[in-house]
There are 2 protein chains.
Amino acid sequence: MELSKQPAETLQRSIRLLGGGGPAELAIRQAAWVARCVGHGDAAPFTPEDLSALAASLRTTTFERGSVVFRAGDEADGVWIVRSGRLELSVGAGSKRAVVHVIGPGAVDGDIQYLLGMPLPYTAHALADTTVLYLDGESFEGLLGKRLSIARRWLTSVAMRLAESQERIIGMLGRSLTEQIARILLEEAVDGAVPLPQRTLAAMLGVQRPSLNKTLKEFERNGLIKVRYGAIDLLDIDRLTAMSG
Amino acid sequence: MELSKQPAETLQRSIRLLGGGGPAELAIRQAAWVARCVGHGDAAPFTPEDLSALAASLRTTTFERGSVVFRAGDEADGVWIVRSGRLELSVGAGSKRAVVHVIGPGAVDGDIQYLLGMPLPYTAHALADTTVLYLDGESFEGLLGKRLSIARRWLTSVAMRLAESQERIIGMLGRSLTEQIARILLEEAVDGAVPLPQRTLAAMLGVQRPSLNKTLKEFERNGLIKVRYGAIDLLDIDRLTAMSG
DNA sequence: GCCGCCGTGCCAGCTACCTGACACGATCCC
DNA sequence: GGGATCGTGTCAGGTAGCTGGCACGGCGGC
């Protein structure tokens with residue numbers, strides 16, 4: 001899901017120097033990138049017309065670290081696609097805060113709630129400076145309703161998210177905290193490191209920070225990980241995988 | 001999601017006495033029923049051609065209570081739709097068993113894994129005698145690829161399941177067992193009663209049966225529920241809702 | 001370079017949940 | 001009607017995780 005393989009910086013740069021290629025070409029390039037993110041390439045590839053239809057509707061917005069992209073309870077009036085950076089999707093506050101997901105480049109959100117006409121169930125905070133593409137509701141609806149290939153690809157995208165969500169439920173039920181922690185470290189790793197504070201990790205598992213910290217130090221003593229400031233390096237992925245059940 | 005409002009018996013009977021209407025009309029009726037189950041009626045209604053295409057591909061199978069519809073690890077080669085009865089989707093065995101979901105009439109499964117080309121992550125056991133409609137992979141693919149209205153509706157169906165799954169994650173994270181139990185009783189209730197043994201409920205929450213039983217008896221003492229053999233009656237839904245957080 | 005903030009490390013007491021085991025009651029099938 | 005099977009009720013001991021609080025150390029802004 002996290003398409004972090006995609007070198008975000010390259011395209012970030014091309015956004016900055018708008019000169020090279022002109023706005024229209026840039027828009028198409030953005031759309032092509034979204035097309036690669038939504039579902040797999042296998043079935044129903046995007047046609048050039050699909051791409052230009054998509055490109056015509058995308059709007060780029062940037063959010064500073066710490067700012068709010070949308071709030072729980074807001075009406076979902078369109079679709080967000082993360083271009084670069086990271087968003088934390090969370091519910092509640094203080095010690096009751098639960099983190100539903102942390103999403104990075106390539107992730108799509110808001111479409112589910114838009115399709116179902118329900119309010120957004122969680123708040124999205126930018127964990128870093130983040131660029132987001134926005135597709136307004138009518139355009140989204142129009143693309144889905146008129147272009148079979150887009151509807152087909154979007155179906156795959158949602159299916160992937162559902163499979164991931166179910167896997168997470170399976171990974172939580174009846175597992176010891178140790179197993180859950182090993183699992184989430186592997187899931188959230190980007191290039192061999194988990195760039196999240198322990199408080200966030202704890203909120204993703206629904207446990208208190210001291211409980212998490214205790215296990216992390218145990219892992220560190222065993223040479224599985226290295227705990228850093230605001231991040232965790234994974235040293236022995238094989239053994240971590242074995243521990244995750 | 002659980003379309004149990006649909007009087008399953010009526011159509012069950014019509015399956016048995018095939019005479020009334022003939023097989024073709026029955027097939028159409030089955031397809032129409034499926035059409036009502038998949039997504040909402042609002043956007044992109046099914047056309048008569050959609051219905052007959054769907055009807056041509058559906059196969060009916062019945063499973064005895066306790067039998068296995070599919071196993072974890074099996075390749076997903078089509079789509080199942082529960083017509084009547086209940087299926088338990090579970091992972092693992094013994095004290096490590098986790099129940100991912102219990103699905104009833106109108107529920108669709110296997111499509112996600114088919115679309116993504118992944119094996120089924122859980123085993124489906126029939127909790128009661130159960131009738132299942134089966135749509136083979138090629139037909140499913142054909143319907144999606146050729147009929148926009150079906151793809152559009154299916155998207156809504158998957159979106160509903162994803163929203164439900166996310167809600168479940170939110171409902172589990174950082175909640176006390178008491179809150180979780182109140183919540184799951186409300187979610188799994190059918191006509192004011194939860195027709196599941198405590199063992200299954202415990203496996204849905206990933207806890208041990210004695211822990212569940214202790215809380216249930218507490219609820220019963222407070223007049224919230226009535227514990228029966230293999231089922232639980234909900235007596236005070238308002239107070240249960242208040243307790244579920 | 002200093003200060004404030006945020007993140008980490010850790011503790012002591014408490015509670016809630018787990019383990020596994022056993023007795024009893026319902027239900028089903030013969 | 002009797003036995004097998006499955007579900008419920010309960011207990012006692014062990015432990016994992018919570019509460020909340022405090023000290024320390026990076027990190028960033030001034």
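By convention in this document, chain letters (A, B, ...) are assigned in the order of the sequence lines, proteins followed by strands, and residues within each chain are numbered from 1.
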Mind checking if B:Lys217 touches a base, just sugar-phosphate, or nothing, with heavy atoms under 4.0 Å? sugar-phosphate

Heavy atoms of other groups near A:Arg65 CZ, more than 12 under 6.0 Å: no

Sole residue of A:Leu185, A:Ile181, A:Asn213, A:Val102 in side chain to side chain contact (heavy atoms under 4.5 Å, CB included) with A:Leu201: A:Leu185

Do the side-chain N and O atoms of B:Ser157 and B:Arg161 include a donor-acceptor pair separated by under 3.5 angstrom? yes

Taking only N and O in the side chain of A:Asn213, is any of them less than 4.0 Å away from OP1 or OP2 of C:dT8? no

Decide salt bridge (Lys or Arg N to Asp or Glu O under 4.0 Å) for A:Arg183 and A:Glu188; before the verdict, give the C-alpha distance in whole Å, the side-chain angles of both, and the deciding distance to 0.1 Å. CA-CA 9 Å; A:Arg183 176 178 295 259; A:Glu188 298 301 323; over 6 Å; no

Could you tell me how far apart B:Lys214 (NZ) and C:dC17 (C1') are, to the nearest whole angstrom? 8 Å

Separation between CD1 (B:Ile112) and CD (A:Glu164), nearest 0.5 Å, reads 12.5 Å

Send over the distance from A:Leu201 CG to C:dT8 P, rounded to a whole Å. 9 Å

I need the CD-P distance between A:Gln198 and C:dC10, as an integer number of Å. 11 Å

Rounding to a whole Å, what distance do you find between B:Leu216:CG and D:dG7:P? 15 Å

To the nearest angstrom, the CD-P distance between A:Glu218 and C:dC10 comes to 12 Å

Can you give me the N/O atom pairs linking the protein to nucleotides 18-22 of chain D at distances under 3.5 Å, or say none if there are none?
unit_1	atom_1	unit_2	atom_2	d
D:dC18	OP1	A:Gln208	N	3.4
D:dC18	OP2	A:Gln208	N	3.4
D:dC18	OP2	A:Ser211	OG	2.0
D:dT19	OP2	A:Gln208	OE1	3.3
D:dT19	OP2	A:Gln208	NE2	3.4

Shortest non-hydrogen pair, B:Arg97 vs B:Arg199, comes out as NH2-O, 3.9 Å

Between D:dA16 atom P and A:Leu205 atom CG, what is the distance in whole Å? 17 Å

Quantify the bending of the helix from C:dG1-D:dC30 to C:dC30-D:dG1 as the angle between its end axes, each fitted on five pairs, to 10°. 50°

Can we say B:Glu220 and B:Arg228 salt-bridge, meaning some charged N sits less than 4.0 Å from an Asp/Glu carboxylate O? no

Please assess A:Val68 against A:Arg71 for the test side chain to side chain contact (heavy atoms under 4.5 Å, CB included), listing each intermediate value before the final yes or no. CA-CA 7 Å; A:Val68 171; A:Arg71 280 185 194 287; 3.8 Å; yes

Rounding to a whole Å, what distance do you find between B:Leu127:CG and D:dC6:C1'? 14 Å

Check this for me: does any side-chain nitrogen of one of B:Arg86 and B:Asp129 sit under 4.0 Å from a carboxylate oxygen of the other? no

From the list A:Val227, A:Thr178, A:Asp236, side chain to side chain contact (heavy atoms under 4.5 Å, CB included) partner of A:Phe219 resolves to A:Thr178

Interatomic distance where CD belongs to B:Glu179 and P belongs to C:dA16 [whole Å]: 13 Å

DNA chain C contacts among residues 219-234 of chain B, heavy-atom distance under 4.0 Å: B:Tyr229

Among side-chain atoms of A:Tyr114 and A:Asp136, is any donor-acceptor pair under 3.5 angstrom? no

